[in-house]
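Note that the coordinates shown come from a computational prediction; the quantities given were computed from them, not determined experimentally.
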Amino acid sequence: MYWLRESGGDVGTPRDADELDATIRTRVVELAGGGDGALDVYLPFLDARQSHRRAEVLRGVTLVREGDSIRSVPPTAAAKLRDTAAMLVATHPAWIAAPTELHAAYFPVWQAVSLAVQKALRRWIPEIYFHDPARYEDRDAAFPLLVYAASRVCRGRPRTEFTYDVADAEVLPRALHQIGGSLQSVLEAVERGLHDCGRPALARRYAPRWHQDVLRAVQKKPRTLLGVLGDEAAVVNALVGLGSRRKLHAVKPFARSAGMALQTMYGQDLRPLAFRLLQEATRTLETKVCSNV
């Protein structure tokens, strides 16, 4: 039985059918089909409020059989995110061993996660936003995202910061310091892509030689860039909070903070990226934790 709750829960706890909660027992037995073999049963993560009305929640759960497992089907993407995060915190070795705030490896490990996530977002958001090349027609909207893609990631400040603080007047100078070369590379890829899709006139507007004009336009009106940097910070800090606390009561705050930041990130609903970000964080933790940093 895998049934995670804020107060703890079951992580691979052996249960006989007659020990299951009465609300789901009949459905589980039916899905099991009367076989004698053991099955893994995965129930949804419950926060403290849901735990107080457990029977009501379980009555609304949809259960499906997948091979030797019986799983609940999350009713929403937010519920799926909480289930995924809870299972990582409770069962994945890298998340279980991730350093807490008082551990000597806290900053280097979570700095590595922050850097990986920042780099990933600089790739993924432009890929999604510019999936329709027509969006390049609006240069006021396109320029800040291209500058974001070229901007410097925040390396943090031991031991308290992992991201840019958009309230700090030095954020833009730090993020945009000597990014001319990287911005030209970003623009070169855009120009080539627009040529390839048969839009040469639009491609010329994004020639690398205009990189200083692009940068100045964004510096003159920085609100959009600061907005995406702020949302990025919220996502990174949510991941650090989830992993460094290593408690199931961190799941709900993580899902809420990450979901709110991604829901309107650069004017788009990017909440599906939360699962990819968890994967990115997991890969980094596996590397850093296993190397005993």
task: Could you tell me whether K221 and D140 have a side-chain N and a carboxylate O separated by less than 4.0 Å?
output: no
Report, one line per pair, each donor and acceptor closer than 3.5 Å where one atom sits in a side chain of residues 68-79; sequence neighbours left out.
unit_1 : atom_1 : unit_2 : atom_2 : d
R71    : NE     : E66    : OE1    : 3.2
T76    : OG1    : A79    : N      : 3.0

field: Pairwise side-chain contact, W95 with V289, heavy-atom cut-off 4.5 Å (strictly under)
entry: no
field: Flag, side chain of D21 to backbone of T23, donor-acceptor distance under 3.5 Å
entry: yes
query: Sub-3.5 Å donor-acceptor pair from the side chain of W110 to the main-chain atoms of G241, do we have one?
result: no
message: Is any side-chain heavy atom of L277 closer than 4.5 Å to one of W124?
response: yes
query: If you look at every heavy atom in C154 and S114, which pair is closest and at what distance?
result: O-OG, 4.4 Å
Contact check, side chains of R152 and Y164, non-hydrogen atoms, under 4.5 Å: yes
task: Any chance you could measure L88, atom CG, to D83, atom CG, to the nearest 0.5 Å?
output: 11.0 Å
query: What are the two closest non-hydrogen atoms of G67 and L39, and how far apart are they?
result: O-CD2, 4.4 Å
message: Would V11 and Y2 count as a side-chain contact (heavy atoms from CB on, under 4.5 Å) here? Give the steps.
response: CA-CA 5 Å; V11 183; Y2 293 84; 4.1 Å; yes
field: Nearest-0.5 Å distance that lies between atom CG in L20 and atom OG1 in T26
entry: 10.0 Å
- prompt: Quick one: are T282 and H92 in side-chain contact, heavy atoms under 4.5 Å?
  reply: yes
task: Heavy atoms only: give me the nearest L202-P133 pair and the separation to one decimal.
output: CD2-O, 4.0 Å
Salt-bridge present (E232, R122; N to O < 4.0 Å): yes
- request: Using a strict 4.0 Å threshold on nitrogen-to-oxygen distance, state whether R205 and E137 make a salt bridge.
  value: yes
- prompt: Any side-chain heavy atom of R192 sitting closer than 4.5 Å to one from D196?
  reply: yes
task: Establish whether L115 and L176 are linked, either directly or via other cluster members, by ILVMFWY side-chain heavy-atom contacts under 4.5 Å.
output: no
- request: State yes or no: do F254 and L46 share one hydrophobic cluster built from I, L, V, M, F, W and Y residues joined by side-chain heavy-atom distances below 4.5 Å, directly or via other members?
  value: no
message: With heavy-atom distances below 4.5 Å as the criterion, would you say the side chains of I128 and L273 are in contact?
response: yes
message: Pair D231, L270 - check side-chain contact (heavy atoms from CB on, under 4.5 Å), show working.
response: CA-CA 11 Å; D231 288 337; L270 299 181; over 6 Å; no
- request: Would you name the heavy atoms of L187 and P208 that are closest together and state the gap between them?
  value: CB-CA, 4.0 Å
- prompt: Can you tell me if D40 uses its side chain to pair, donor with acceptor, with the backbone of Y42 under 3.5 Å?
  reply: no
field: Non-hydrogen side-chain atoms of M265 and L121 separated by less than 4.5 Å
entry: yes
task: Give the C-alpha distance, both sets of side-chain angles, the deciding distance and a yes or no for side-chain contact (heavy atoms from CB on, under 4.5 Å) between V240 and V113.
output: CA-CA 8 Å; V240 174; V113 171; 5.5 Å; no
- prompt: Any chance CZ of R123 has more than 12 other-residue heavy atoms, nucleotides or ligands included, within less than 6.0 Å?
  reply: yes
- prompt: From R256 CZ over to D47 CG, what is the distance, rounded to the nearest 0.5 angstrom?
  reply: 9.5 Å
- prompt: Got a donor-acceptor contact below 3.5 angstrom from the W3 side chain to the P44 backbone?
  reply: yes
task: First locate atom OG of S244, then atom CG of L239, and finally report the distance between them rounded to the nearest 0.5 Å.
output: 10.5 Å
Criterion side-chain contact (heavy atoms from CB on, under 4.5 Å) on Y266 and T224, from CA distance to verdict: CA-CA 8 Å; Y266 217 77; T224 302; 3.4 Å; yes
- prompt: Looking only at atom types and distance, does a side-chain atom of R271 sit under 3.5 Å from a main-chain N or O of G259, one as donor and one as acceptor?
  reply: no
message: Starting from V190, can I reach L225 by hopping between I/L/V/M/F/W/Y residues whose side chains sit under 4.5 Å apart?
response: yes
statement: Distance col, row T284:OG1 vs Q111:CD, nearest 0.5 angstrom, shows 11.5 Å
message: Which residues pass the ring-ring contact (aromatic ring centres under 6.0 Å, His included) test with Y206, not counting sequence neighbours?
response: Y136, F143
query: Are L172 and I179 linked, directly or through other ILVMFWY residues, by side chains that come within less than 4.5 angstrom of each other?
result: yes
query: Between F162 and Y106, how do the two ring planes meet: parallel, tilted or perpendicular, split at 30° and 60°?
result: perpendicular
statement: Minimal heavy-atom distance between Q50 and V57, with the atoms involved, is O-CG2, 3.9 Å
field: R27 (side chain) donor-acceptor with V61 (main chain) under 3.5 angstrom
entry: yes
field: Electrostatic pair E286-R283, nearest N-O below 4.0 angstrom
entry: no
message: Quick one, M1 and L43 - any side-chain contact, counting heavy atoms below 4.5 Å?
response: yes
task: Please name the pair of heavy atoms, one in W210 and one in R204, separated by the smallest distance, quoted to 0.1 Å.
output: NE1-O, 3.2 Å
- request: Would you kindly confirm whether M260 and L262 end up in one hydrophobic cluster when ILVMFWY residues are joined by side chain heavy atoms under 4.5 Å apart?
  value: no
task: Step through the shown structure and confirm whether more than 12 heavy atoms of other residues, nucleotides or ligands are within 6.0 Å of CZ on R174.
output: yes
query: Charged N to carboxylate O under 4.0 angstrom, R216 versus D213?
result: yes
statement: CD of Q212 to CD of Q219, rounded to nearest 0.5 Å, is 10.0 Å
